[in-house]
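A note on names: the letters A, B, ... follow the listed sequences, proteins ahead of strands, and every chain is numbered from 1.
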Amino acid sequence: MSAKSLKSIVESILFVHDQPLTLDRLASILEEFERADLRAALDELIEEYEQAERGIVLTQVAGGYQLRSRPEHGDFVRRLNKTKGVKFSQSALETLAIVAYRQPITRAEVEYLRGVDSGGVMKSLLEKKLLRIMGKKDVPGKPLIYGTSREFLELFGLKDLNQLPTLKEIQELVPPDPFADQPALPLESVEEEPLPG
Amino acid sequence: MSAKSLKSIVESILFVHDQPLTLDRLASILEEFERADLRAALDELIEEYEQAERGIVLTQVAGGYQLRSRPEHGDFVRRLNKTKGVKFSQSALETLAIVAYRQPITRAEVEYLRGVDSGGVMKSLLEKKLLRIMGKKDVPGKPLIYGTSREFLELFGLKDLNQLPTLKEIQELVPPDPFADQPALPLESVEEEPLPG
Amino acid sequence: MEEMQSNLFSDALDQAYRVRIEEFEGPLDLLLHLIKKNEVDIYNIPIAAITRQYLDYMEIMKELNLDIAGEFLVMAATLLQIKSRMLLPATPEEDGEAEIEDPRAELVRRLLEYQRYRDASQLLNCRNLLGREVFARKFDAPEFDELEPVEEPADVELFELIEAFQKVLARVSVDTFHDVVADGISIADRIGEVLSVLHVEKTVSFDALFTTGMTRDLLVVTFLSILELCKLKLIKVVQTENRGAIWLHLAAKEEEEGETPEAGDEVAAEEATPTA
């Protein structure tokens with residue numbers, strides 16, 4: 001089987017599979033091929049789609065590979081189903097950002113960092129499956145701890161959490177912190193309360 | 001707008017629209033473009049997909065245009081359905097949750113709570129070692145009683161069962177169940193039977 | 001001309017003012033806004049001035065009858081406390097600690113940290129979002145479900161059937177679930193009906209057996225009949241693709257031997273009776 005055909009087969013499978021496809025899963029489907037060859041085929045496909053300025057791009061998202069429409073054409077594609085697309089409130093975005101960077105994190109910690117009650121917004125992000133409960137924190141009161149979900153990665157087109165700019169990189173956008181040597185924020189002492197019913 | 005960009009936009013729309021797309025529909029979506037240009041873009045795309053021996057082909061079908069996987073790769077693509085990744089169905093998750101919170105529990109009790117026959121899903125969870133048989137209940141008929149296993153804790157990254165959120169906490173978090181007001185299915189009368197197989 | 005410009009300017013200001021008040025996510029957001037507006041150094045906040053402006057904003061909110069969240073009040077108290085501590089002479093503490101932390105330090109740390117997450121949230125929002133700028137393919141279009149199964153459909157597991165039935169219950173309007181006594185159809189009867197439909201149609205979609213207007217009891221009886229037919233291996237339940245439409249057809253064995261479909265019906269009905 002030539003490398004060209006393998007690439008073509010991989011493209012067929014990516015096209016039919018509508019979720020992000022991991023290399024592991026691809027290797028289990030195409031078990032007669034070498035993993036290295038599969039990876040090479042994926043890399044080549046990513047490059048080809050990028051170079052030719054196609055209407056489709058191959059992206060790495062949520063630990064897998066997924067074909068998606070080219071972002072620049074969003075305005076046209078949205079006409080298909082006349083949706084305006086997702087829109088987040090500032091509080092939802094803030095909460096998502098805090099959980100993404102500080103997970104696992106309790107609700108009280110999120111509220112301390114945001115400075116406002118966040119029960120409602122966290123509940124709604126859980127319902128949208130963008131946050132998930134990771135378990136309980138091993139401190140008195142056993143508060144629930146939260147993290148971001150696979151759906152979060154898919155929605156924001158992230159390969160994994162490491163793809164987010166680091167807080168340090170973000171920090172460089174703002175002036176240096178003279179208090180940087182001081183101890184971390186006293187999150188542990190923040191009191192826990194259950195989410196509102 | 002260059003011809004190249006138009007082709008790319010048309011490709012985006014074909015990709016996202018999963019039904020055959022007629023030229024009329026395409027012209028109504030991309031109303032700022034000439035019909036002749038749209039047709040030219042489609043013709044070019046058909047040719048490009050064919051020439052490069054891609055995994056995707058653009059075919060004219062049912063009076064419209066549709067991207068499809070290359071027919072020669074059908075054998076590979078069909079494997080997608082057979083090798084399902086580790087993914088839990090809603091019913092498996094439901095059953096696991098019920099057993100986790102109510103163990104030790106009989107199959108009939110699970111079915112009463114879920115309102116549907118759960119023999120198949122419990123059998124499959126037993127096979128996956130996520131459930132285990134804890135013994136027999138001391139009531140007439142001596143039904144088997146079930147609990148969750150060590151593998152269950154491992155899979156869900158739980159230290160122990162106490163790490164699960166309490167039912168009260170869950171109630172406060174998850175959206176209301178649309179079936180909550182409806183009576184349970186009348187399966188309670190179904191006789192207790194051993195699991196199939 | 002000048003007058004017009006100044007009018008425009010004050011209108012714009014007015015509007016910005018109103019919108020901003022409602023936009024504040026919380027006290028930290030408001031403080032950052034005040035620091036930026038006053039063009040002061042975040043590490044050397046003129047606490048008296050900022051506190052005064054902060055309290056002014058709360059006054060405006062009150063006048064506009066906006067609900068002032070408790071957090072705003074807590075922050076006001078904190079600011080006043082910092083202000084009073086700033087007025088104290090810098091004498092060593094009783095516990096002999098050489099360095100006294102700037103009373104503003106924790107607030108500044110919180111503000112900087114909050115600002116970072118706010119920046120991070122803006123970066124998140126600038127990404128190409130699935131469903132906003134980028135789209136993936138989806139396969140659950142209703143028209144797709146209408147297609148008949150082609151080549152090597154996979155067997156359906158019980159839980160998938162159950163899920164399909166849950167969807168049926170969700171689809172069929174709750175209004176039709178009136179407490180009317182069932183029309184008395186038994187599982188055995190319904191098995192016979194389903195089989196006769198299959199002998200004519202060969203392949204029937206799962207959904208087609210549940211039509212709007214059926215009583216809840218009939219829905220349940222139909223579902224139990226399908227389960228029973230599966231158990232008796234008289235029908236095969238298949239799915240064209242992962243999570244796709246579910247189809248029923250007569251089991252191969254039954255088809256081969258089933259030159260006399262009526263006989264098949266009877267067998268099914270008899271065997272099913274005890275369970276019904």
- Message: I'd like to verify something: which residue of C/Leu124, C/Asn128, C/Asn125 has the highest number of heavy-atom pairs under 4.5 Å with chain A?
- Response: C/Leu124
- Item | Pairs where residues 44-53 of chain C contributes a residue and the test side-chain hydrogen bond (donor to acceptor under 3.5 Å, both in side chains) is met, not counting sequence neighbours | C/Asn38-C/Gln53, C/Asn44-C/Arg104
Measure [X] against the heavy atoms of chain C and call it side chain, backbone, both or neither at under 4.5 Å.
{"X": "A/Pro71", "result": "both"}
{"X": "A/Leu67", "result": "backbone"}
{"X": "A/Leu164", "result": "side chain"}
{"X": "A/Phe88", "result": "side chain"}

- Measure up the A/Phe76 and A/His73 rings against each other and bin them: parallel (under 30°), tilted (30 to 60°), perpendicular (over 60°). perpendicular
- Under the salt bridge (Lys or Arg N to Asp or Glu O under 4.0 Å) test, residues paired with A/Arg68 that sit two or more places apart: none
- Message: Below 4.5 Å, heavy-atom pairs only: which of A/Glu72, A/Glu94, A/Glu154 has the largest tally toward chain C?
- Response: A/Glu94
- Heaviest contributor of heavy-atom pairs below 4.5 Å to chain C, chosen from A/Leu158, A/Asp75, A/Leu96, A/Val57, is A/Leu158
- Message: Is it true that A/Glu11 and A/Tyr49 share a donor-acceptor pair across their side chains at a distance under 3.5 Å?
- Response: yes
- Query: So, A/Asp24 side chain and A/Ala27 main chain: donor-acceptor pair closer than 3.5 Å or not?
  - Reply: no
- Message: So which atom in C/Leu112 and which in C/Tyr43 form the shortest heavy-atom distance, rounded to 0.1 Å?
- Response: CD1-CE2, 3.4 Å
